[in-house]
Amino acid sequence: MLQVQRIRDHKEAFVKALKKRGMDATPVINQVLEADDNRRATQAKLDDLLAESNSLSKEIGILFKSGNAAGANALKEKTSTLKETSKALDDHLKSISKTLQDLLYTIPNIPQELVPSGQDENDNEQTLREGAIPVLEEGAMAHWELAKKYNIIDFELGVKITGAGFPVYKGKGARLQRALISYFLDKNTAACYTEYQVPHLVNEASGIATGQLPDKEGQMYHVGVDDLYLIPTAEVPVTNLFRGDLVQGADLPISCTSYTPCFRREAGSYGAHVRGLNRLHQFDKVEIVRIEHPDNSTKALEDMVEHVANILRALQLPFRILRLCGGDLSFAAAITYDFEVFSTAQDRWLEVSSVSNFETFQANRLKLRFKDTDGKNKLAHTLNGSAMALPRVLASILENYQTPQGIKIPEVLVPYCGFDMIN
RNA sequence: AGAGAGGUGGCCGAGUGGCUUAAGGCGCACGCUUGGAAAGCGUGUAUACGGUAACGUAUCGAGGGUUCGAAUCCCUUCCUCUCUGCCA
């Protein structure tokens with residue numbers, strides 16, 4: 001959510017930047033400013049009325065104490081009419097504030113200068129491409145065939161006990177999953193991210209603060225009896241750890257990493273591109289989250305991008321980095337870099353990580369502030385990224401490392417797996 | 001899950017309808033004092049919104065209600081602690 005004051009100060013620039021998302025923001029911004037004027041005027045009136053009412057109440061108290069009941073009762077008459085007016089104003093204030101907030105909820109974050117304009121993924125800008133695409137032997141298979149051949153992932157078993165999109169990993173497949181999680185967490189903690197283990201269910205307040213609720217309610221699994229939501233990403237519980245906090249400027253940056261399973265209903269997505277591990281209802285992910293001083297968030301984002309790139313280099317997977325265009329940018333992000341690994345057997349790029357700077361957009365909804373050196377409380381910047389999401393990394397390892405003898409394990413993972421070949 | 005007790009500022013803690021503008025203490029900051037420190041003394045020390053400002057308004061877990069007036073009374077709800085039950 002954007003702050004009204006910033007919209008007021010940078011109206012023209014914001015409208016221009018939002019054009020990159022293909023959005024004409026002028027009407028909604030005008031509505032916001034109008035609603036805000038209305039809100040302020042209403043509050044000023046209400047405050048005056050309440051002040052009068054408060055002082056009358058005090059007088060009444062004094063009159064009663066001094067035994068002047070008649071005088072007190074006369075004043076009571078006055079306050080009752082004040083009360084009616086203030087009640088009406090209060091209702092109006094609440095409704096106008098709600099209107100204002102609902103309007104603000106519809107405005108996405110302002111894309112940064114670097115973000116290219118564009119409609120969809122075809123307009124994304126490649127900023128880096130690295131790693132040789134392996135040449136596979138004749139008869140190379142997609143990962144879902146490899147999984148069956150080596151008996152390491154069982155999709156049918158998942159269907160039996162739960163449903164489609166809930167795979168069962170077994171034997172070396174399960175061990176490789178655990179190896180990847182440990183490897184990613186070790187890389188992240190070595191880069192000074194503090195490891196957290198967090199609940200996999202969150203309450204409504206957390207869902208609202210990070211923006212999953214109310215808009216994307218249908219995307220999350222909801223446990224009705226206890227009114228809790230299964231997390232779609234560790235971003236939700238980890239970011240909410242700091243909800244409502246006022247941290248000391250010296251404590252920044254705060255860097256966290258957390259492994260969690262992620263649960264997504266993915267309602268309405270079917271087709272050839274969602275086969276195998278490409279899109280799941282439950283998958284594992286290691287997330288990195290940073291809370292930064294506004295002056296430092298651009299640098300922090302660069303660090304995170306470099307960090308993720310280094311993990312892919314270590315795994316020796318061919319990858320590219322895309323700077324998302326305005327149209328492909330998620331609602332809350334000011335700038336996002338996607339990492340895609342080339343899956344040779346499927347002959348397509350698979351998104352394995354997405355690293356974003358949300359600036360104050362999330363922090364405003366979270367009420368996450370810090371005390372700056374000038375003593376003022378300001379909204380912090382939040383950033384997050386996957387480092388990494390497991391299924392597509394696993395898929396591309398299986399596909400790119402396949403040989404007629406079996407699937408080679410990337411060197412850095414061998415100590416974590418305890419074997420160097422799946423065959 | 002049942003019974004009981006609670007939730008007050010950065011922390012502890014008083015406060016059962018109006019001198020509460022939340023006492024008092026601790027902590028913290030600044031000043032005085034000192035050769036320097038400690039002690040002592042003094043001053044200050046929440047957040048949000050509105051206002052150029054003076055200042056005003058709101059907030060005592062959250063949300064409603066009663067009242068001219070609520071930290072205080074009533075209702076709902078969340079959380080914590082103790083005992084009982086259940087349990088990896």
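Residue numbers begin at 1 in each chain, while the letters A, B, ... track the order of the sequences. Note that the structure is a prediction, hence the values are computed from the model and not measured.
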Taking distance alone, no hydrogens or angles, what donor-acceptor pairs closer than 3.5 Å link side-chain atoms of residues 416-423 of chain A to residues at least two apart or in another chain?
from, atom 1, to, atom 2, distance (Å)
A/Tyr416, OH, A/Asp186, OD2, 2.6

Base, sugar-phosphate alone, or nothing: which one does A/Thr79 contact when heavy atoms must sit under 4.0 Å apart? sugar-phosphate
Bounds of contact between RNA chain B and chain A, in 5' to 3' order, using a heavy-atom cut-off under 4.0 Å: B/rG18 to B/rG69
Tell me, please, whether A/Tyr105 has A/Arg365 positioned over its six-membered ring: NZ or CZ under 6.0 Å from the ring centre and within 45 degrees of its axis? yes
Any chance the side chains of A/Glu235 and A/Gln362 put a donor and an acceptor closer than 3.5 Å? yes
Would you mind telling me which residue lines up with the more 5' stretch of RNA chain B, A/Gln43 or A/Ile60, judged by nearest nucleotide? A/Gln43
Is it true that A/Asn38 and A/Thr42 share a donor-acceptor pair across their side chains at a distance under 3.5 Å? yes
Of all of residues 45-54 of chain A, which get a heavy atom below 4.0 angstrom from RNA chain B, listed by number? A/Asp47, A/Leu50, A/Ala51, A/Asn54
Taking only residues two or more places apart in sequence or in another chain, which ones pass side chain to side chain contact (heavy atoms under 4.5 Å, CB included) with A/Ser97? A/Arg39, A/Leu93
Give me the distance, rounded to whole Å, that separates B/rG7 from B/rU72 when you measure between the C1' atoms they each carry. 14 Å
Residue pairs, two or more places apart or on separate chains, that pass ring-ring contact (aromatic ring centres under 6.0 Å, His included) and touch residues 229-262 of chain A: A/His222-A/Tyr229
Please state the C1' separation for the pair B/rU59 and B/rG63 - nearest whole angstrom. 13 Å
Say you pick atom P in B/rU76 and the same atom in B/rA5; how far apart are they, in whole Å? 16 Å
Using side-chain heavy atoms (C-beta onward) and a distance below 4.5 Å, is A/Asn278 in contact with A/His143? yes
C1' atoms of B/rC87 and B/rG6, separation to the nearest Å: 26 Å
Should we count CD of A/Gln119 as having more than 12 external heavy atoms under 6.0 Å? no
Could you measure between the two P atoms, the one in B/rA23 and the one in B/rG9, and give it in whole Å? 13 Å
We want to know whether A/Gln177 and A/Asp284 form a side-chain donor-acceptor pair, criterion being a heavy-atom distance below 3.5 angstrom. yes
Answer yes if the side chains of A/Lys408 and A/Thr403 hold a donor-acceptor pair under 3.5 Å, and no otherwise. no
Separation between the C1' atoms of B/rU20 and B/rG69, rounded to whole Å: 13 Å
Between B/rC32 and B/rG36, how far is it from one C1' atom to the other, in whole Å? 16 Å
Quick one: pull up CG in A/Leu394 and CG in A/Leu146 and give me the separation to the nearest 0.5 Å. 10.0 Å
Given the C1' atoms of B/rG25 and B/rG15, what is the spacing between them in whole Å? 15 Å
Pairs counted as Watson-Crick or G-U wobble with both distances under 3.5 Å: what dot-bracket string results for RNA chain B, using | for bases tied to another strand? ((((((((.[[[..)..(.....]]]((((((.......))))))(((((....))))).[[[[[..)....]]]]])))))))....
Here's a test of your reading of the structure: between A/Arg369 and A/Arg40, which maps to the more 5' nucleotide of RNA chain B? A/Arg369
